[in-house]
Participant: 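Structure incoming, see below.
Computed from a predicted model, the values in this text were never measured in an experiment.
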Amino acid sequence: MKKRVFGLFLAIAILANLGYSIAAESKTSEPRASLYLDSYAIGVNAKGSGKMSVTFIVYGARTMDKIGAQKIVVEEWDGKEWGNPITYTADSYSNFYATKAAEHTASVTFYGVPGLQYRATLTAYAELNGGSDTGTVTCTPKTCK
């Protein structure tokens, strides 16, 4: 358990400058809300020249049959509202899932409009022995450079 908590904090520390958001289950003695997902995070990073990257990490409750991102939705802020969603799905990106793993991380890149803000919403997924669960989290917006 200490190894998993340390790994989670290490991943958060490494990815913190990318504007990540994280969702995690309570570590108290209460029953787990999920038998499959332990925690998950996503972030957007401005690379320059309009290039943006979206990186996610998903932790399972233990070694899972399948774990990763079911989908990622990237939205653009026009100054009034979030719009122009682009959806990236596991059907199109084989690196979105890992099998027989306790955690998985991957990235996608896209080109945005310099000066506009972008955010990403992750739908995390974990499956074990025919059962599964999903969870969503949206990251802090990042301005395209």
Side-chain angles (χ1 to χ4, degrees), residues 4-28 30-128 130-145:
R4 177 171 300 267
V5 171
F6 176 74
L8 178 61
F9 285 118
L10 180 60
I12 292 169
I14 291 170
L15 304 174
N17 66 342
L18 300 180
Y20 278 76
S21 294
I22 187 163
E25 300 299 324
S26 171
K27 301 295 182 197
T28 65
E30 297 174 17
R32 296 179 67 87
S34 175
L35 298 173
Y36 309 97
L37 290 168
D38 186 40
S39 59
Y40 37 90
I42 189 166
V44 176
N45 187 22
K47 300 283 192 175
S49 301
K51 189 173 183 178
M52 305 284 286
S53 69
V54 179
T55 304
F56 70 86
I57 189 164
V58 179
Y59 288 98
R62 60 184 138 307
T63 298
M64 308 305 291
D65 294 335
K66 188 175 186 181
I67 188 167
Q70 196 171 60
K71 70 177 176 179
I72 294 173
V73 178
V74 175
E75 297 174 289
E76 178 182 274
W77 179 252
D78 68 5
K80 295 181 183 176
E81 63 186 11
W82 291 103
N84 298 327
I86 300 169
T87 302
Y88 301 93
T89 65
D91 293 337
S92 300
Y93 292 86
S94 60
N95 68 332
F96 272 22
Y97 285 125
T99 56
K100 303 298 179 195
E103 62 186 67
H104 184 62
T105 187
S107 299
V108 294
T109 59
F110 68 96
Y111 285 89
V113 178
L116 293 183
Q117 288 190 330
Y118 293 86
R119 72 177 183 183
T121 300
L122 166 70
T123 301
Y125 178 84
E127 177 183 309
L128 182 64
S132 65
D133 195 10
T134 61
T136 60
V137 64
T138 302
C139 70
T140 304
K142 201 71 158 186
T143 302
C144 183
K145 298 178 185 176

Participant: Distance from Thr138 atom OG1 to Arg119 atom CZ, nearest 0.5 Å?
Facilitator: 5.5 Å

Participant: What are the two closest heavy atoms between Ser53 and Thr109, and how far apart are they?
Facilitator: CB-CG2, 4.0 Å

Participant: Kindly determine whether Val44 and Met52 satisfy side chain to side chain contact (heavy atoms under 4.5 Å, CB included), including the steps that lead there.
Facilitator: CA-CA 7 Å; Val44 176; Met52 305 284 286; 3.4 Å; yes

Participant: Given the rule in the side chain to side chain contact (heavy atoms under 4.5 Å, CB included) test, do Tyr93 and Val108 qualify, once you have shown the distances and angles that lead to the verdict?
Facilitator: CA-CA 9 Å; Tyr93 292 86; Val108 294; 4.0 Å; yes

Participant: Can you name the closest pair of heavy atoms from Ala102 and Ile67 and give their distance?
Facilitator: O-CD1, 3.6 Å

Participant: Can you check side chain to side chain contact (heavy atoms under 4.5 Å, CB included) on Asp133 and Leu35, steps first, answer last?
Facilitator: CA-CA 8 Å; Asp133 195 10; Leu35 298 173; over 6 Å; no

Participant: At what distance, to the nearest 0.5 angstrom, does OG1 of Thr63 lie from CD of Glu103?
Facilitator: 9.5 Å

Participant: Could you give the distance from NZ (Lys145) to NZ (Lys47), rounded to the nearest 0.5 Å?
Facilitator: 10.5 Å

Participant: Of all the heavy-atom pairs spanning Ala69 and Ala90, show the shortest one and how long it is.
Facilitator: O-CB, 3.6 Å

Participant: Are the side chains of Tyr40 and Ile57 in touch, meaning some heavy atoms are under 4.5 Å apart?
Facilitator: no

Participant: Roughly how far, to the nearest 0.5 Å, is CD of Gln117 from CD of Glu75?
Facilitator: 12.5 Å

Participant: Looking only at heavy atoms, which two atoms of Glu76 and Leu116 are closest? And how far apart?
Facilitator: CD-CD1, 3.5 Å

Participant: Does any part of the side chain of Tyr88, heavy atoms only, come nearer than 4.5 Å to the side chain of Val74, both counted from C-beta?
Facilitator: yes

Participant: When you look at Phe96 and Tyr125, which way does the ring-ring contact (aromatic ring centres under 6.0 Å, His included) test go after all the steps?
Facilitator: CA-CA 10 Å; Phe96 272 22; Tyr125 178 84; over 10 Å; no

Participant: Drop me the distance from Asp65's CG to Glu127's CD, to the nearest 0.5 angstrom.
Facilitator: 6.0 Å

Participant: Rounded to the nearest 0.5 Å, how far apart are CG of Asp38 and CZ of Arg62?
Facilitator: 10.5 Å

Participant: Ignoring hydrogens, what is the shortest heavy-atom contact between Asn95 and Ser107? Give both atom names and the distance.
Facilitator: ND2-O, 3.5 Å

Participant: Kindly confirm or rule out a cation-pi arrangement of Lys142 over Tyr118, judged by NZ or CZ under 6.0 Å from the six-membered ring centre and within 45° of its axis?
Facilitator: no

Participant: Side chains of Cys139 and Ile42, heavy atoms from C-beta outward: is any pair under 4.5 Å?
Facilitator: yes

Participant: Against Val73, only a single residue in Leu122, Thr123, Thr136, Thr87 fulfils side chain to side chain contact (heavy atoms under 4.5 Å, CB included); can you say which?
Facilitator: Thr87

Participant: Do Thr105 and Phe56 touch side chain to side chain, with heavy atoms closer than 4.5 Å?
Facilitator: no

Participant: Should Thr89 and Gln70 count as side-chain neighbours, where that means a heavy-atom distance under 4.5 Å?
Facilitator: no

Participant: Is the closest side-chain heavy-atom distance between Met64 and Tyr36 below 4.5 Å?
Facilitator: yes

Participant: Give me the atom names and distance for the closest heavy-atom approach of Cys144 to Gly112.
Facilitator: SG-C, 3.7 Å

Participant: Does the plane of the ring in Trp82 sit parallel, tilted or perpendicular to the ring in Trp77? Use 30° and 60° as the thresholds.
Facilitator: tilted

